[in-house]
K.L.:
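Take this structure first; my questions come after.
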Amino acid sequence: MEVLYSSTRNDEKKIQASQAILKGLSDDGGLFVPDHIPALEKSLKELSEMEYKEIAYEVMKLYLTDFTEEELKNCIERAYDSKFDTEVIAPLVEADHTYYLELFHGATIAFKDMALSILPHLMITSARKNKVENEIVILTATSGDTGKAALAGFAGVEGTKIIVFYPKNGVSPIQEKQMVTQKGDNTFVVGIHGNFDDAQTGVKQIFADKELEKEMTENGFQFSSANSINIGRLVPQIVYYVYAYAKLLKEEKITDGEAINVVVPTGNFGNILAAFYAKNMGVPIAKLICASNENKVLYDFFETGSYDRNREFMLTSSPSMDILISSNLERLIYRIAGNNAKKNAEFMASLSKDGKYQITDEMRAQLKDFYGNYASEKETADRIKALYEQTGYVIDTHTAVASAVYEKYKKETGDDAKTVIASTASPFKFTRSVMNAIDEKYDSMTDFELVDELSKIANVAVPNAIEEIRTAPVLHDTVCDKSEMKKVVKDFLGIA
């Protein structure tokens with residue numbers, strides 16, 4: 001059955017998947033959502049006998065219904081190849097009676113690789129399908145990981161350019177080095193004076209600028225997005241939750257139909273939304289545990305039904321979650337508002353104008369499958385240390401937020417259902433925070449000395465993504481004020 005897409009703010013116009021991928025964001029500022037969530041066609045038992053790429057096809061074909069089998073399989077084949085350092089793509093590691101789904105074995109050692117390895121291929125295929133002749137300009141804001149993963153995915157891809165904005169002092173040193181050393185004539189990296197929300201707001205304003213859109217067209221360009229607001233980012237993320245369940249089933253860790261919990265460290269809400277979609281496709285997921293850091297806007301939302309970004313922005317050791325405007329939450333709001341675009345648009349207008357909105361009691365009742373909590377900086381560090389001392393397993397700061405929140409959940413509820421924690425980044429990406437958590441004696445070491453020490457104590461080889469930036473030259477040194485983002489884009493594209 002065909003799946004069509006419409007905006008969360010105006011659902012009168014329906015478009016095909018390839019058109020939604022190309023546009024990224026709807027003209028009215030809304031996000032594209034499927035007109036229904038399709039059910040899995042294969043049984044979980046059948047899926048348990050499949051490899052990652054085969055499961056990817058079984059899931060994605062249900063959403064990308066205007067792609068031929070050959071087109072989609074070609075995209076999958078090109079995405080999940082030797083860029084990943086393990087053939088299983090997303091290993092499940094058991095530690096302290098919990099299953100850590102390692103989503104960081106791609107080119108940039110963060111979970112964004114899972115979707116951003118395939119997005120360029122989906123986008124170029126979509127462009128061909130829709131006879132697009134303009135050069136596609138990917139415009140992205142990053143809180144740390146999306147930027148490098150998108151750069152790596154689009155670097156050298158013919159017919160595309162990519163511009164990444166990041167908060168100049170709001171990412172880890174390794175994250176910044178990964179971005180500013182990116183090769184490729186079609187890549188451009190810009191630090192902004194401001195935080196991630198400033199960068200994301202600036203990108204959305206550029207997308208909504210009709211005058212600029214006209215200038216772009218006249219010069220043979222058109223914008224698209226690689227942020228998690230693009231449905232081409234969200235759909236590939238659903239795959240690994242289906243895969244995790246299938247893997248547990250194959251290894252006889254669970255019985256067919258047994259419900260599991262899923263814990264996701266959450267910033268922009270895309271990753272946990274993908275788990276919600278997987279649940280609604282038929283994967284037996286009981287609780288969706290939403291873990292926040294000290295920027296706990298989502299925790300407060302689940303507690304009160306009020307989304308309020310009017311608060312201090314905290315810089316934490318888990319920077320990819322330092323977000324106060326969780327863009328993908330809009331897709332969930334639209335759904336619990338009864339797929340009512342008008343009602344959703346009112347909430348989003350209130351968020352834009354007043355920085356907050358309050359959902360109804362009827363809407364809150366539909367969030368019963370979610371549990372929200374947060375971990376402080378100390379709780380995050382303590383969890384890294386405790387897990388390492390108990391098991392020898394080292395996790396990064398974002399995964400530690402999830403693990404700490406899961407400990408709180410178990411204490412509160414006594415729920416001992418089998419649980420998968422989305423492990424969203426390699427500890428090598430946040431070495432200083434991770435090593436300081438294990439023992440403060442490491443603080444005197446340089447970043448790359450810490451990398452080698454982490455490799456030693458965790459008994460894990462240094463990832464190639466880290467090795468290649470040790471001596472790589474800085475190729476991008478542009479920094480601008482948030483008010484200059486549009487000018488910077490025009491200058492890079494040579495638009496007067």
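Computation of the quantities below employed the complete heavy-atom set of this structure, encompassing side-chain atoms and omitting hydrogens, waters and symmetry-equivalent molecules.
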K.L.:
Do the side chains of T187 and F154 get nearer than 4.5 Å, heavy atoms only?
P.N.:
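Of all side-chain heavy-atom pairs linking T187 with F154, none is under 4.5 Å.
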K.L.:
Test of understanding: with salt bridge (charged side-chain N to carboxylate O under 4.0 Å, His left out), list the residues that count as partners of R309, not counting sequence neighbours.
P.N.:
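Partners of R309 by the salt bridge (charged side-chain N to carboxylate O under 4.0 Å, His left out) criterion come out as none, since no residue qualifies.
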K.L.:
Any chance you could measure K490, atom NZ, to F221, atom CZ, to the nearest 0.5 Å?
P.N.:
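Nearest 0.5 Å value for the NZ-CZ distance: 12.5 Å.
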K.L.:
Answer yes when E211 and K214 have at least one side-chain N-carboxylate O distance shorter than 4.0 Å, and no when they do not.
P.N.:
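Salt bridge between E211 and K214, a charged N being under 4.0 Å from a carboxylate O: no.
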K.L.:
Restricting to side-chain hydrogen bond (donor to acceptor under 3.5 Å, both in side chains), what partner residues turn up for T399, sequence neighbours left out?
P.N.:
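Scan of T399 (side-chain hydrogen bond (donor to acceptor under 3.5 Å, both in side chains), adjacent residues dropped) gives D396, S423.
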K.L.:
Taking all atoms of both residues into account, what is the closest heavy-atom pair of A155 and N186, and its distance?
P.N.:
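Taking A155 first and N186 second, the nearest heavy atoms are CA-OD1, 3.6 Å.
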K.L.:
Can you find a heavy atom in the side chain of S117 that is under 4.5 Å from one in the side chain of K83?
P.N.:
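Touching, per the 4.5 Å side-chain cut-off.
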K.L.:
Considering non-hydrogen atoms only, spot the tightest contact between A400 and I384 and give its length.
P.N.:
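Shortest heavy-atom separation between A400 and I384 comes out as CB-CG1, 3.4 Å.
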K.L.:
For the residue pair S18 / K129, report whether a side-chain donor-acceptor contact shorter than 3.5 Å exists.
P.N.:
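Distance-only check fails for K129 and S18.
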K.L.:
Output, in order, the C-alpha distance, side-chain angles, deciding distance and verdict of side chain to side chain donor-acceptor pair (under 3.5 Å) for K112 and S228.
P.N.:
CA-CA 9 Å; K112 309 290 171 80; S228 57; over 6 Å; no
K.L.:
Does K177 have any side-chain hydrogen bond (donor to acceptor under 3.5 Å, both in side chains) partners at least two apart in sequence or in another chain, and if so, which?
P.N.:
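Partners of K177 by the side-chain hydrogen bond (donor to acceptor under 3.5 Å, both in side chains) criterion come out as none, since no residue qualifies.
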K.L.:
On a heavy-atom basis, which atom in A375 and which in V405 lie closest, and how many Å separate them?
P.N.:
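A375 and V405 have their closest heavy atoms at N-CG2, 4.0 Å.
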K.L.:
Do F428 and S455 have side-chain heavy atoms sitting under 4.5 Å apart?
P.N.:
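In short, these two side chains touch, coming nearer than 4.5 Å.
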K.L.:
Can you confirm whether the side chains of S403 and Y100 place a donor and an acceptor under 3.5 Å from each other?
P.N.:
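There is such a pair (donor and acceptor under 3.5 Å, judged by atom type) between the side chains of S403 and Y100.
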K.L.:
Is it true that the side chains of S318 and N293 contain a donor and an acceptor less than 3.5 Å apart?
P.N.:
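Present: a donor and an acceptor within the cut-off.
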K.L.:
Salt-bridged, K61 to E41, with N to O below 4.0 Å?
P.N.:
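Looking at E41 together with K61, the answer is yes, because their closest N to O distance falls below 4.0 Å.
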K.L.:
Run E77 and K73 through salt bridge (charged side-chain N to carboxylate O under 4.0 Å, His left out) and show every step you take.
P.N.:
CA-CA 6 Å; E77 202 57 48; K73 283 186 171 173; over 6 Å; no
K.L.:
Run the ring pair (Phe, Tyr, Trp, His ring centres under 6.0 Å) test on Y52 and Y80 for me, step by step, so that the C-alpha distance in whole Å, both residues' side-chain angles and the decisive distance to 0.1 Å come before the verdict.
P.N.:
CA-CA 9 Å; Y52 191 89; Y80 304 112; 5.4 Å; yes
K.L.:
Going by the salt bridge (charged side-chain N to carboxylate O under 4.0 Å, His left out) test, which pairs reach into residues 138-159, not counting sequence neighbours?
P.N.:
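Listed by first then second residue: D145-K429.
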K.L.:
Strictly below 4.0 Å, N to O, side chains only: are K456 and D452 in salt-bridge contact?
P.N.:
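Looking at D452 together with K456, the answer is no, because their closest N to O distance does not fall below 4.0 Å.
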K.L.:
Measure the CG-NZ distance between L139 and K161 for me, rounded to the nearest 0.5 Å.
P.N.:
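L139 atom CG to K161 atom NZ measures 13.5 Å (nearest 0.5 Å).
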K.L.:
Within this structure, what is the CE-NE2 distance for the pair M321 and H398, rounded to the nearest 0.5 Å?
P.N.:
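Output value for this atom pair is 6.5 Å.
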K.L.:
How long is the span from the SG atom in C290 to the CZ atom in F301, to the nearest 0.5 Å?
P.N.:
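Interatomic distance, C290 SG to F301 CZ, rounded to 0.5 Å: 9.5 Å.
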K.L.:
Taking ring-ring contact (aromatic ring centres under 6.0 Å, His included) as the definition, give me every residue that meets it alongside Y299, ordered by chain and number, with sequence neighbours left out.
P.N.:
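Expected list: Y374.
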K.L.:
Taking only residues two or more places apart in sequence, or in another chain, which ones meet D28 in a salt bridge (charged side-chain N to carboxylate O under 4.0 Å, His left out)?
P.N.:
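Here no residue qualifies.
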K.L.:
Does NZ in K482 sit with more than 12 non-hydrogen atoms of other residues, nucleotides or ligands closer than 6.0 Å?
P.N.:
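Atom NZ in K482 is not crowded, with 12 or fewer foreign heavy atoms closer than 6.0 Å.
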K.L.:
If we ignore angles and hydrogens, is there a donor and acceptor under 3.5 Å between the side chains of Q178 and T108?
P.N.:
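Not at all, the side chains of Q178 and T108 share no donor-acceptor pair under 3.5 Å.
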K.L.:
Please evaluate residues L298 and Y307 with respect to the criterion side-chain contact (heavy atoms from CB on, under 4.5 Å), reporting the C-alpha separation (whole Å), side-chain torsions for both, the decisive distance (0.1 Å), and the verdict.
P.N.:
CA-CA 7 Å; L298 287 166; Y307 192 94; 4.1 Å; yes
K.L.:
I want to check something: taking the side chain as every heavy atom from C-beta on, are Y99 and K247 in contact at a cut-off of under 4.5 Å?
P.N.:
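Y99 vs K247: side chains apart.
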K.L.:
Flag this pair as yes if the NZ/CZ of K14 is under 6.0 angstrom from the six-membered ring centre of Y5 and inside a 45 degree cone about the axis; otherwise no.
P.N.:
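Pair K14/Y5 does not count as cation-pi.
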K.L.:
Stepwise, does the side-chain contact (heavy atoms from CB on, under 4.5 Å) test hold for Y63 with I238?
P.N.:
CA-CA 10 Å; Y63 288 92; I238 301 167; 3.7 Å; yes
K.L.:
Hey, are N328 and N268 close enough side-chain-wise for a donor-acceptor pair under 3.5 Å?
P.N.:
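Looking only at side-chain atoms, N328 and N268 do not form any donor-acceptor pair under 3.5 Å.
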K.L.:
Side chains of Q222 and T217: do they bring a donor and an acceptor to under 3.5 Å?
P.N.:
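No pair is found: no donor N or O on one side chain lies under 3.5 Å from an acceptor on the other.
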K.L.:
Would D197 and I323 count as a side-chain contact (heavy atoms from CB on, under 4.5 Å) if you check the C-alpha gap in whole Å, the side-chain angles of each, and the deciding distance to 0.1 Å?
P.N.:
CA-CA 6 Å; D197 288 335; I323 293 172; 3.8 Å; yes
K.L.:
Please list, chain by chain and in numerical order, all residues satisfying side-chain hydrogen bond (donor to acceptor under 3.5 Å, both in side chains) with K486, sequence neighbours excluded.
P.N.:
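side-chain hydrogen bond (donor to acceptor under 3.5 Å, both in side chains) list for K486, sorted by chain: D209.
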K.L.:
Mind jotting down which residue pairs meet the salt bridge (charged side-chain N to carboxylate O under 4.0 Å, His left out) criterion with at least one end in residues 225-244? Sequence neighbours excluded, please.
P.N.:
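Pairs touching residues 225-244 that pass the test: none.
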K.L.:
Going by side chain to side chain contact (heavy atoms under 4.5 Å, CB included), name the residues that satisfy it together with N280, two or more places apart in sequence or in a different chain.
P.N.:
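With neighbours one apart ignored, the set is I37, F276, R335.
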K.L.:
Side-chain contact test, heavy atoms from C-beta onward, threshold under 4.5 Å: evaluate it for I469 versus F448 and give yes or no.
P.N.:
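Yes. Closest side-chain heavy atoms under 4.5 Å.
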K.L.:
Can you tell if the side chain of V264 reaches within under 4.5 Å of the side chain of I289, non-hydrogen atoms only?
P.N.:
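No - every pair of side-chain heavy atoms lies 4.5 Å or more apart.
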K.L.:
More than 12 heavy atoms of other residues, nucleotides or ligands under 6.0 Å from CZ of R311: yes or no?
P.N.:
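Yes - once you tally the heavy atoms of other residues, nucleotides and ligands closer than 6.0 Å, there are more than 12.
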K.L.:
Scan D85, T86, D113 and name whichever one has a side chain to side chain donor-acceptor pair (under 3.5 Å) with H105.
P.N.:
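Between H105 and the candidates, side chain to side chain donor-acceptor pair (under 3.5 Å) is satisfied uniquely by D85.
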K.L.:
E54: what forms a salt bridge (charged side-chain N to carboxylate O under 4.0 Å, His left out) with it, not counting sequence neighbours?
P.N.:
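By the salt bridge (charged side-chain N to carboxylate O under 4.0 Å, His left out) rule, E54 matches no residue at all.
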K.L.:
Within a reach of under 6.0 Å around CD of E87, are more than 12 heavy atoms found that belong to other residues, nucleotides or ligands?
P.N.:
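Counting neighbours around CD of E87, 12 or fewer heavy atoms of other residues, nucleotides or ligands fall under 6.0 Å, so no.
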K.L.:
Working to the nearest 0.5 angstrom, can you tell me the gap between Y393 OH and L387 CG?
P.N.:
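Output value for this atom pair is 8.0 Å.
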K.L.:
Test E377 against S317 for side-chain contact (heavy atoms from CB on, under 4.5 Å), laying out the working first.
P.N.:
CA-CA 7 Å; E377 285 289 87; S317 60; 3.2 Å; yes
K.L.:
Counting only heavy atoms not in E51, do more than 12 sit closer than 6.0 Å to its CD atom?
P.N.:
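Result for CD/E51: open.
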K.L.:
Report the residues that fulfil salt bridge (charged side-chain N to carboxylate O under 4.0 Å, His left out) with E2, sequence neighbours left out, ordered by chain and then residue number.
P.N.:
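Salt bridge (charged side-chain N to carboxylate O under 4.0 Å, His left out) list for E2, sorted by chain: empty.
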K.L.:
Hey, are the side chains of F165 and T142 touching, using non-hydrogen atoms and a 4.5 Å cut-off?
P.N.:
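F165 does not reach T142 side chain to side chain.
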K.L.:
List, one per line, each side-chain donor-acceptor pair under 3.5 Å for residues 120-127, sequence neighbours excluded.
P.N.:
from: T125; atom 1: OG1; to: H121; atom 2: O; distance (Å): 2.7
from: S126; atom 1: OG; to: L122; atom 2: O; distance (Å): 2.7

K.L.:
Is there side-chain contact between Y240 and F111, with heavy atoms separated by less than 4.5 Å?
P.N.:
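Contact flag for Y240/F111 side chains = yes.
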K.L.:
Could you grab the distance from atom CD of E213 to atom CG of D27, nearest 0.5 Å is fine?
P.N.:
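That separation rounds to 6.0 Å.
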